[in-house]
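A short write-up of the structure that comes next.
None of the values given here were measured: they were computed from a predicted structure. Side chains are part of it too, since the values below use all heavy atoms of this structure and drop only hydrogens, waters and symmetry mates.
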Amino acid sequence: MHLARALVAMAAAAVAAAATYELEVQHAYGHAAPFAARGALEVAPGAPKHKMLKASPAEVELDASALAALLAADGLYRVRLRRAGGTWVGGSIRACDLAAAELKEELGVTLNARGDPIALAFKAARGVGACPTPEEATLATTAAPVLDVVAQIIPVQAKVAKPPGGMGTPLPRGGGGGSSQDNPHAEPQKPKSFLMKYWHILLPLALLLLTTSEPEPPKKEKAS
């Protein structure tokens, strides 16, 4: 019984995750202007990337007088969006750049694993030269999801510090003494003398001989 309930709950969660939902969209003319409703973005999680986001409506009639004032002041056109009950995420674009792109707006939306927007960016081409004045105030908008970038894992290699002078050479990273054949850049090792090889044996013997002397023979007593 519990297994059946768990399977039903999992199926319901999968259906809910694949169901289409909307992101509320608002815009503002300038950094100090209040936001107003502009429409929505429909999100279809199971659709291909180029069909995952759809603007509704696809064309927005902007306030002509507010747009003209924004172009004259070289201000910013701002957009923000959120899922129902979620946090707003926003972006802005220079109104002159948007006008240079013939009021064709392309939004890049980054969604997390739950489908909530976490970043918003404009992809409109930056205009060159004087700020153009559009003949109409109709904004054509499209949106596309921004895929997460997979981080490249780079193994960390420990840096072997060079010892002070006279302390020898560092051991290789693989551990052990190694040889000059493993490392062609290593200095060739000089052969050690007999005393250098066996000093730890000869030294105790020498100390033992120096500190130990033969006992004196007993003296004979004279006869009375």
Side-chain angles (χ1 to χ4, degrees), residues 15-154:
V15 171
T20 301
Y21 60 94
E22 289 188 349
L23 302 177
E24 181 185 359
V25 181
Q26 295 183 351
H27 66 162
Y29 301 90
H31 67 279
F35 280 95
R38 201 190 81 168
L41 278 182
E42 297 178 358
V43 184
K49 179 183 176 182
H50 64 284
K51 294 183 179 180
M52 188 180 297
L53 298 178
K54 180 182 178 181
S56 178
E59 293 186 349
V60 180
E61 291 296 330
L62 301 178
D63 187 333
S65 59
L67 179 60
L70 193 62
L71 292 171
D74 195 12
L76 297 176
Y77 177 70
R78 298 189 296 155
V79 174
R80 68 179 184 179
L81 52 83
R82 69 173 179 178
R83 197 171 181 177
T87 304
W88 291 103
V89 294
S92 61
I93 187 174
R94 210 169 143 256
C96 291
D97 294 341
L98 189 60
E102 299 179 351
L103 296 183
K104 294 179 180 179
E105 170 194 81
E106 183 180 356
L107 300 175
V109 184
T110 304
L111 304 174
N112 61 13
R114 296 187 302 272
D116 301 326
I118 57 176
L120 175 64
F122 282 87
K123 295 184 178 180
R126 181 173 294 278
V128 180
C131 187
T133 302
E135 297 179 358
E136 299 180 356
T138 302
L139 176 69
T141 178
T142 57
V146 179
L147 299 181
D148 294 336
V149 179
V150 180
Q152 181 181 4
I153 300 176
I154 302 176

Quiz prompt | Evaluation steps, side chain to side chain contact (heavy atoms under 4.5 Å, CB included), between V79 and E105 | solution = CA-CA 11 Å; V79 174; E105 170 194 81; 3.9 Å; yes
Self-check item: Closest non-hydrogen atom pair, P57 against T141
Solution: O-CG2, 3.9 Å
Quiz item: Say you draw a straight line from CD of E22 to NZ of K54; how long is it, rounded to the nearest 0.5 Å?
Solution: 11.0 Å
Quiz item: What heavy-atom pair brings A143 and L41 nearest, and what distance separates the two atoms?
Solution: CB-CD2, 3.8 Å
Quiz item: Distance from T87 atom OG1 to R83 atom CZ, nearest 0.5 Å?
Solution: 12.5 Å
Quiz item: What's the shortest heavy-atom distance between A99 and P134, and which atoms?
Solution: CB-CD, 4.1 Å
Quiz item: Looking at side-chain heavy atoms only, is the closest gap between P117 and L111 below 4.5 Å?
Solution: yes
Practice problem: Identify the heavy atoms of A47 and M52 that sit nearest to each other, and give their distance. | Solution: O-CE, 3.8 Å
Quiz item: Could you go step by step and tell me if D97 and F122 meet the side chain to side chain contact (heavy atoms under 4.5 Å, CB included) rule?
Solution: CA-CA 11 Å; D97 294 341; F122 282 87; over 6 Å; no
Exercise. For Y29 and D63, work out which heavy atoms get closest and say how close.
Key: OH-N, 2.9 Å
Quiz item: Is the shortest heavy-atom distance from the side chain of H31 to the side chain of L76 under 4.5 Å?
Solution: no
Quiz prompt | 4.5 Å side-chain heavy-atom contact, L67 and L103 | solution = yes
Practice problem: Flag the pair H27 / L139 as yes when at least one side-chain heavy-atom distance between them is below 4.5 Å, and no otherwise. | Solution: no
Quiz item: Above 12 or not: heavy atoms from other molecules or residues under 6.0 Å from CD of E102?
Solution: no
Quiz item: Is a side-chain N or O of R78 found less than 3.5 angstrom from the main chain of G30, in a donor-acceptor match?
Solution: yes
Exercise. Report the residues that fulfil side chain to side chain donor-acceptor pair (under 3.5 Å) with R80, sequence neighbours left out, ordered by chain and then residue number.
Key: Q26
Quiz item: Can you tell me how far CD of E59 sits from NZ of K104, rounded to the nearest 0.5 angstrom?
Solution: 10.0 Å
Quiz prompt | Nearest-0.5 Å distance, CG of residue L70 to CG of residue L98 | solution = 9.5 Å
Quiz item: Can you tell me how far CG of L81 sits from CG of L107, rounded to the nearest 0.5 angstrom?
Solution: 7.5 Å
Quiz prompt | Non-hydrogen atoms of P34 and A28 that approach each other most closely | solution = O-CB, 3.5 Å
